[in-house]
Protein chains: 2
Amino acid sequence: MVVSLKDIAARAGVSLSTVSNVVNGYRPVGEETRVRVQSAIDELGYAPNLSARHLRLGRTGIIALAIPELDNPYFAELAGAAIREATSQGYTLVMEDTAGSYEHELSMIDNSRRQIVDGLIFSPVAVSREDVLARPPATPMVLIGEGVYDVPHDHIAIDNIAASHVAVQHLVSLDRYRIAFIGAQAGDHRQSAHLRLRGYREALAGAGLPWDPALAAPTTAFGRADGLMAMRDLLARTQPPDAVFAYNDLVAIGAMRAVAEAGLRIPEDVAVIGIDDIEEGRFSNPTLTTISPDKEHIGRLAVQSLVARIEGKPVEPPYDVQPPFRLVTRESTLGGQRPVRT
Amino acid sequence: MVVSLKDIAARAGVSLSTVSNVVNGYRPVGEETRVRVQSAIDELGYAPNLSARHLRLGRTGIIALAIPELDNPYFAELAGAAIREATSQGYTLVMEDTAGSYEHELSMIDNSRRQIVDGLIFSPVAVSREDVLARPPATPMVLIGEGVYDVPHDHIAIDNIAASHVAVQHLVSLDRYRIAFIGAQAGDHRQSAHLRLRGYREALAGAGLPWDPALAAPTTAFGRADGLMAMRDLLARTQPPDAVFAYNDLVAIGAMRAVAEAGLRIPEDVAVIGIDDIEEGRFSNPTLTTISPDKEHIGRLAVQSLVARIEGKPVEPPYDVQPPFRLVTRESTLGGQRPVRT
DNA sequence: ATCGGGCTCTATAACGTTATACAGGCGACT
DNA sequence: AGTCGCCTGTATAACGTTATAGAGCCCGAT
């Protein structure tokens, strides 16, 4: 049977309000009665009814994490960290899979789901800056990833340009001259790949390498299949690349598969680097060199800043956080000369 | 501002109860007033307060999906299907990552979290049949995967023995004679690997092959790293296997990595087959032959049967469902003679 | 002595819903 | 004509919680 404040009150011989005060400490309670109430709680096994509490407080204790694809290991690993942090802060986290579709993403920032949720952590890919600006959310929102910039919300994303520099410079340091980029976006409203492409171009220029538009391969999405097809195209050129910087690890893995199917060697013929450091890249053949963002940090920070907004702690302006990242070198650029897993 | 039934009632000039009846159709409402109320709802943009509704109804509309690891792509893909089905049934699904730990799994079937959840879909790995029997849950529970059998709960899992037969028979059809199994479990209370191991042994016997305990490699968990280490051990034997049936695709991928590191060829020296059909195996080098369970089907069915229990539709006894599966052959057993992706 | 003010505790009004009980009106059947 | 029953609509009591207002009581200060 389900036990409520009333039952505890009856058992301990005190009023309902006193029990409530013991439970959540709003008003001090005399020592003697406190222990009597507490033991009644323990005996009967009381747990507060969250629906009632939320109705009373006007909050639900639920936050949503909306990501483009749950089956992308990067997001799965990120979600793990976010779930742990949310739980430890007393919130429940629900995940929404937008599938990267424009309509689905719009429905996230419309007010429809907001009735049930205290706040939203959102990783946009399809939605534009204007879409976000046009829909001031009813509850706090934190943006993660590289989708939308310059909007009045907290934003957590690695410095994509700097990360791209590091990636390209690594390839340059291996004496590669025809370095391709896979994951250039045709559509205007996806700023994510934009930044990585820009970092790629800047790094090329910094190394004194020419910018060849034919080496910037567009993709429609960022999965393994996209990397595979783009790489096939690149290899069919008269002057194929000798290195590839992929938008993310999934794309890189697709690209590596295309190289293998073409009968070429990695990294001798083509070196490959990605971004994300998903576990898959530590066991692939060859293992994948990558830029590793601190996913645990990102997930935790996203929840923490959202909760801070929800509970109205500091009324500071929206801030941009750039979590740390590092280069992890593996076989796909260094060959067998290196320890295999890191 | 937030709009409630009261606002709609005032706007439409009717009572609160009438608006409620328009919204959820408990009692019929005259046509004329219905349209007046409906247009008031549309104008003011009313959405029911779920906390209040749940408090009144005694249900929260939330179901939990507890899985051992969110970063296992198999569960990520399964969770996607479950989330979609739950949403379409008007429920919100929250995910719990038990990390496969015994304590965490116990806390799932204890009553602690049940205050907030109408029901639980649970994929146990560490918990035993007796643990489950000793804790009759306060809310409905559906089990998925191969953890625990013969308990009074709905259970959805592929026929592991039949699946193992198919896998081993496929290897036998390729004239392999020393077929190893990776993922045998030392612990007694993990029945999952037990069944697959049993299917493996039965299939060997059916093919007239001897049972060699040295070829059944135990692992502590079921990740890529476990497959890698087990395979290293197997390859170090004086008589290494010429084929491997792995507990799941992740283990298989780790095993393939070990084979590559040893400088051996797949499938010429060692053929590899897994279970799960995760996307990773369609792009690995080589691509991975696997047993493909219908994940979409499993996820949807789990939610459907849980919701049926929650809403008390049919009071039938707990039932066991065995969703379909199929063999998907790829390079890791057939080599390059086959279409690459399916 | 009397009053002000901590200190404990209590009664109660919300929060927004849904289901029950009830009221009035109108047609149909005895 | 009277009664029964249906149809439409309303008033209201919960569901379990938290915050506000306030009721006693005892001690120190006026």
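Model, not experiment: these values are computed from the prediction. The sequence lines fix the lettering, A, B, ..., with proteins before strands; numbering per chain opens at 1.
- A 4.5 Å side-chain heavy-atom check between A:His153 and A:Pro137 finds at least one atom pair inside the cut-off.
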Inset, instruction - Mark up nucleotides 7-12 of chain D, 5' to 3', with B wherever a protein heavy atom is under 4.0 angstrom from a base atom, S wherever such an atom reaches only the sugar-phosphate, and - elsewhere. - result: -SBBBB
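- B:Thr18 pairs by the side chain to side chain donor-acceptor pair (under 3.5 Å) definition with B:Ser15, not counting sequence neighbours.
- Not one N or O on the side chain of B:Glu69 forms a donor-acceptor pair closer than 3.5 Å with the backbone of B:Ala99.
- Here B:Tyr26 reaches the OP1 or OP2 of C:dT20: one of its side-chain N or O atoms lies under 4.0 Å away.
- The interatomic distance linking B:Leu57 (CG) with D:dC15 (P) rounds to 13 Å, in whole Å.
- Under the rule for a ring-ring contact (aromatic ring centres under 6.0 Å, His included), A:His54 has no partner lying at least two apart in sequence or in another chain.
- Distance A:Arg53 CZ to C:dC15 C1': 15 Å, rounded to the nearest Å.
- Judged by distance alone, the side chains of B:Ser128 and B:Asp131 do bring a donor and an acceptor atom under 3.5 Å apart.
- Considering only the side chain of A:Leu55, C:dC15 comes nearest among D:dA19, C:dC15, D:dT17.
- Rounded to a whole Å, the CG atom of A:Asp7 is 11 Å from the P atom of D:dC15.
- Looking at B:Glu85 and B:Gln304, their side chains do bring a donor and an acceptor atom within 3.5 Å of each other.
- Comparing C:dT17, D:dA19, C:dC15 against the side chain of B:Lys6 picks out C:dC15 as the nearest.
- Looking at residues two or more places apart in sequence or on another chain, you find a salt bridge (charged side-chain N to carboxylate O under 4.0 Å, His left out) between B:Arg11 and B:Glu43.
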Restricting both atoms to N or O, compile the protein contacts to nucleotides 25-27 of chain D shorter than 3.5 Å, with distance only.
none

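- With sequence neighbours excluded, the residues satisfying side chain to side chain donor-acceptor pair (under 3.5 Å) with A:Arg59 are A:Tyr91.
- Atom CG of A:Leu5 and atom P of C:dT10 are 13 Å apart (whole Å).
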